[in-house]
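Below, read A as the first sequence line, B as the second, and so on, with proteins coming before strands; counting in each chain starts at 1. Keep in mind it's a predicted model, so treat the numbers as computed, not measured.
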Amino acid sequence: MELKNSNIKIKSKNLNVYYGNKQALHNINLEINNKEVTALIGPSGCGKSTFIRCINRMNDTIDICRVDGSIEIDGKEVNDKNVDVVTLREKIGMVFQKPNPFPKSIYDNIAYGPTIHGIGEKKDEMDKIVETSLKKAALWDEVKDRLNEPGTGLSGGQQQRLCIARALSVNPEVILMDEPCSALDPIATAKIEELIDDLKKSYTIVIVTHSMAQAVRVSQKTGFFHLGKIIEVDTTEKIFKNPANKMTQDYITGRFG
Amino acid sequence: MSDTGHTVKSYAEEMQSLNDDLIKMGSLTESQLADAMEAVIKLDKESVDKIVQNDSKINALRAAIDNQITTVLVKRAPMAVDLRITISTMKISHDLERIGDLAKSVAKKVTPLPIDLPDELVNSLRRLGDLVQKQLKDVLDAYLNNSKDKAIEIWRKDEQVDDLTNLAMNEVANYLQKDKKNLEMATHLLFVTKNIERAGDHITNIAESLYYLIEGEYLEGARPKGKPIDS
Ligand SMILES: Nc1ncnc2c1ncn2[C@@H]1O[C@H](COP(=O)(O)OP(=O)(O)OP(=O)(O)O)[C@@H](O)[C@H]1O
Ligand SMILES: [Mg+2]
């Protein structure tokens, strides 16, 4: 498999991130392909979460965090002062390590996003959005008869799919996932992975994972971070069968530290 | 290849033990092939039983390696170089086992052979056998030294094995032409020749596996002349 470079959705150029005086990312240059899954791997604290938070400007919410350099989505600068962060985050959904449904009904968890964006004002329109979002997240069959029950009453794996459905409800283009399966059992994990495979037909996905096997299963491209630097990016196949860089090899084969 | 250094010590030990068993298997196979060739050249019928019995040691090691590999696969989900070591060790051990089988078959053919075979015939078998033994020794050395250049060299040299096989076959044909009553013996000798050649093909396979282990890529280009391995 060759890298397709013609099809770049997200591109970071000389991206540097600081928390106070401490630099967390150094000159990150990374290209993320459209409608593909890119996995980011690396030891704890190497800056994976910091990097994906740059994509939807979540680092803005951290006072001491400063970002310089460039991140483009479809060729448009994300860090531009004129960018409306609310619209940006609508376009870029995010799923976290711990499922975090709102303490509301399953239905309202999905309806929340569209409502604040002024979509689906008519009841039957919103019903449709809720149904399609839950179907896309492969959760509909399990919850269709209990839409008014609280989202927090679902199992961990179901909650995570609810969070994915919530992200999908506002028609994003990119979905960022930060260790989405680390709190889930193997079956729930398999369901999410299958879902990721399906979603990549319509969305660009960036997933941070500590499971090498998961990176191999779900992604087409993998980037290895170490101490705030990107060490190697290549097709997932190349990275896990025959990485070019010794550090990458040492990390994925468990020869670190 | 003692490429350890895993953070998890038991993982390093498992990989080391695979390596050790493969080396053990290699040297057993080497001496089996040497003994079988010696039996043919000297038409030494006494040694056949021992060679046949010893083959089970090689089979047992192959089974042990398979077993360890299964464990490593489920326990460690090896990646990159570890994955390549695991896969290549599995393939190499299977090729060694087949070479062991072929040595055994060669030895078994010694029993019915007459002790007065023509010198030309014996000599041509010796030359073929010497080359194949040298190839086996070289490929095992290349494995120990992690040498991809040696692997390529051995891979290319299989052509010479094919040439010597053809010469040996011609000698068998001459033997048959001298007296049609030699037909049964000639058939045995054809099997012996073919089996030595096939051992050579398995050595070529080992060279390919070794190259993949080291480089992470398959040996490109035309395979040396010779028939694909059908067993
Ligand atoms: N809010 C914060 N304030 C100060 N420093 C931070 C903050 N968030 C992250 N850092 C620091 O930035 C570096 C990168 O952290 P980040 O969370 O991006 O790592 P990570 O690769 O996601 O790690 P993990 O695999 O443990 O989630 C670390 O040294 C971390 O301590
Ligand atoms: Mg993180």
Side-chain angles (χ1 to χ4, degrees), chain A residues 1-3 39-46 179 181-182 184-187 189-190 193 207-227 230-257, chain B residues 1-20 22 68-92 142-143 146-149 151-152 155 207-221:
Chain A
M1 205 193 338
E2 294 296 314
L3 287 181
L40 303 181
I41 59 167
S44 197
C46 67
E179 300 179 47
C181 300
S182 58
L184 305 183
D185 75 11
I187 293 168
T189 298
E193 288 178 359
I207 180 171
V208 170
T209 177
H210 281 288
S211 158
M212 303 300 117
Q214 178 167 70
V216 176
R217 288 193 297 265
V218 302
S219 72
Q220 287 72 55
K221 187 173 177 176
T222 296
F224 170 59
F225 282 74
H226 182 55
L227 296 175
I230 183 104
I231 306 295
E232 184 171 356
V233 192
D234 212 320
T235 59
T236 298
E237 203 174 312
K238 179 85 170 70
I239 294 281
F240 289 97
K241 283 191 184 161
N242 192 14
N245 191 288
K246 170 98 170 47
M247 260 200 262
T248 316
Q249 168 114 294
D250 285 351
Y251 178 69
I252 62 175
T253 59
R255 286 173 169 82
F256 239 54
Chain B
M1 343 187 37
S2 42
D3 186 10
T4 52
H6 286 92
T7 312
V8 179
K9 202 162 143 257
S10 51
Y11 188 4
E13 285 164 3
E14 285 161 21
M15 297 305 282
Q16 187 60 50
S17 147
L18 266 183
N19 176 64
D20 295 348
L22 194 67
Q68 291 178 68
I69 286 177
T70 313
T71 308
V72 166
L73 289 174
V74 287
K75 253 168 94 174
R76 312 293 181 188
M79 294 285 180
V81 69
D82 293 329
L83 179 64
R84 303 204 306 270
I85 292 174
T86 317
I87 301 281
S88 301
T89 304
M90 170 114 93
K91 290 169 80 177
I92 292 172
Y143 172 82
N146 215 20
S147 165
K148 72 160 198 248
D149 293 338
I152 298 173
W155 188 71
E208 285 173 5
S209 300
L210 177 58
Y211 184 90
Y212 176 73
L213 188 167
I214 298 166
E215 285 291 280
E217 277 163 24
Y218 294 98
L219 258 173
E220 296 275 339

| Working for side chain to side chain contact (heavy atoms under 4.5 Å, CB included), residues A/T253 and B/M15 | CA-CA 12 Å; A/T253 59; B/M15 297 305 282; over 6 Å; no

| query | Picking from B/G216, B/A80, B/P78, which has the most non-hydrogen pairs under 4.5 angstrom with chain A? | reply | B/A80

| A/D250, A/N242, A/I239: which one forms the most heavy-atom pairs within less than 4.5 Å of chain B? | A/N242

| task | Measure the shortest side-chain to side-chain distance between A/K241 and B/I87 over non-hydrogen atoms and say whether it is less than 4.5 angstrom. | result | no

| field | Gap separating the CZ atom of A/F240 from the CG atom of B/D82, nearest 0.5 angstrom | value | 13.0 Å

